[in-house]
Amino acid sequence: MIVTTPNMLRIQRAVVVGKRAYHDLLTLPGNKPIVSSGPPGYSAVSGHRVTVFGCTGFLGRYVVSKLGKQGTQVIVPYRDEDEARVFKPMGDLGQIVRMEWDIRDENTIAECLRHSDTVFNLVGREYETKNFDFRSANAVGAGRIAKIAAECGVSQFIQVSHLDASKTSPSKYYQAKAEGEELVKEAFPTATIVRPGPMFGYEDKLLNNIAIWPIWWKLNQGRTTIRPVHVLDVAQALVNLISQPRFSQTLNLPGPSTLTYEYLLDLVSSVTLQPPSRAPDLPKAVATLLARLAQRVWWPALSPDEVTRRYLNNSEVPGDWDAVGVQPSEIETHAITYLRRYRSAENFVRPTVFPPRPTPVVGEY
């Protein structure tokens, strides 16, 4: 039997890890030092304590996973215990700290971030509920978190907004996102604003929704332009901001290509090997009326504001991917990964053929 002593463990650590170097030290505003140590990967100690509000959402799960793989201690505020269970294996023992919170309770917010050096706010809702309207979820809540983060001495605050956030947008969702940016900047002047485009991934509301409900993506005759971006690319960009901070900046993270909904419908049909949808192209007034009627059900359904967004082209601002050290990938690269489950058994392993990309046509506003 081999007996392991503390001295042997220290010698082994020195051999495997080596000596610390200058690149292991990061100085945050206020001269707060962050020192990383340990072996690279899951069992490392990055020296960071990070709180990720909105971690149970689509993007948040991937951000927490990537942070955990770097050895970062992550505080994951949750509202539903069942949704928080997925985080347990994402980090080494004691690195993932789950805490219950309420966006309207300042005491729970302060408790979640008072030991953190970096705070991500990914909280947002694309539809309204009886408890939270667009402004409460996307603007007021963001400002409240930023205010408390500033009071608690947090060094870095990263607010995730939307590529099309604008106070003059016809969409209430985009208006609320823009107001949220203003409230965050007012409370935390050095905050970093990140504006990703529409994201696609395994649990997305883009490719999956097109495969299930193609009728709602034919609005505006499918001519509306979109700049889809892979959720893993956005998650990696956010994680990189910890080691490569960009204070007081607004970073746009659109997808690498501008596509139309018509092309995405053809793409989903080609990848799933399902015939193109024969659903009619609904007029905007009819689609809005049906969306209003759908609000009577208790589960999330297409909202009138989402109908409005289906007629709005994504902003054509240039991307800031170089600043975050990420090369965004095209949607065709990952389409089969997320859409294969919609194939029949007999077509499951057939090769994928993508439709030719048409010249984008400017949609109607």
Steps toward ring-ring contact (aromatic ring centres under 6.0 Å, His included) verdict (His230, Tyr62) = CA-CA 11 Å; His230 194 203; Tyr62 296 101; 8.0 Å; no
inquiry  = Less than 4.0 angstrom from a charged side-chain N to a carboxylate O is my criterion; do Arg125 and Glu128 meet it?
reply    =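 Salt bridge between Arg125 and Glu128, a charged N being under 4.0 Å from a carboxylate O: no.
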inquiry  = Salt bridge check, Glu332 against Arg357: does any charged N sit closer than 4.0 Å to a carboxylate O?
reply    =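 Salt bridge: yes.
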Please answer whether the main-chain N or O of [Y] pairs with a side-chain N or O of [X] as donor and acceptor at a distance below 3.5 Å.
| X | Y | value |
| --- | --- | --- |
| Asp117 | His48 | no |
| Thr56 | Tyr78 | no |
| Ser269 | Gln274 | yes |
| Thr190 | Phe247 | no |
| Arg343 | Arg350 | yes |
| Gln175 | Ser169 | yes |
| Arg144 | Ile103 | yes |
| Thr72 | Val74 | no |
| Arg227 | Ser315 | yes |

Would you find more than 12 non-hydrogen atoms of other residues, nucleotides or ligands less than 6.0 Å from [X] atom [atom1]?
| X | atom1 | answer |
| --- | --- | --- |
| Asp322 | CG | no |
| Arg104 | CZ | yes |
| Glu186 | CD | no |

message = Using 0.5 Å steps for rounding, measure from the CE atom of Met99 to the CD1 atom of Ile109.
response =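 With rounding to 0.5 Å, CE (Met99) is 12.0 Å from CD1 (Ile109).
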inquiry  = Is there a path of hydrophobic side-chain contacts, each under 4.5 Å between heavy atoms of I/L/V/M/F/W/Y residues, joining Trp298 to Tyr127?
reply    =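 No, no single cluster joins them.
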Just checking, is any N or O donor in the side chain of [X] or [Y] under 3.5 Å from an acceptor N or O on the other one?
| X | Y | value |
| --- | --- | --- |
| Asn209 | Trp217 | yes |
| Thr192 | Gln156 | no |
| Ser329 | Asp233 | yes |
| Ser136 | Asp133 | yes |
| Asn240 | Gln236 | yes |
| Ser171 | Asp305 | yes |

request  = Please say whether the positively charged group of Arg61, taken as NZ for Lys or CZ for Arg, lies over the ring of Phe87, i.e. under 6.0 angstrom from the six-membered ring centre and within 45 degrees of the axis.
outcome  =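 So Arg61 doesn't make the cation-pi contact.
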message = Check whether Tyr311 forms a cation-pi arrangement with Lys284 (NZ or CZ under 6.0 Å from the six-membered ring centre, at most 45° off the ring normal).
response =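 Yes - Lys284 lies over the ring of Tyr311, closer than 6.0 Å to its centre and within 45° of its axis.
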query = Pairs in or reaching into residues 146-173: which pass salt bridge (charged side-chain N to carboxylate O under 4.0 Å, His left out), with residues at least two apart or in two chains?
reply =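 Applying salt bridge (charged side-chain N to carboxylate O under 4.0 Å, His left out) to every pair that reaches into residues 146-173, excluding sequence neighbours, yields Glu106-Lys147, Lys147-Glu151, Lys167-Glu182.
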Given [X], which partner from the list [options] fulfils the side chain to side chain contact (heavy atoms under 4.5 Å, CB included) test?
| X | options | answer |
| --- | --- | --- |
| Ile210 | Leu339, Leu267, Asp204, Leu265 | Leu265 |
| Arg195 | Leu251, Val160, Val317, Asn252 | Asn252 |
| Tyr342 | Ile212, Leu273, Asn347 | Ile212 |

message = Classify the ring geometry of Trp101 against Phe53: parallel below 30°, tilted from 30° to 60°, perpendicular beyond 60°.
response =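 Plane angle between 30° and 60°, so tilted.
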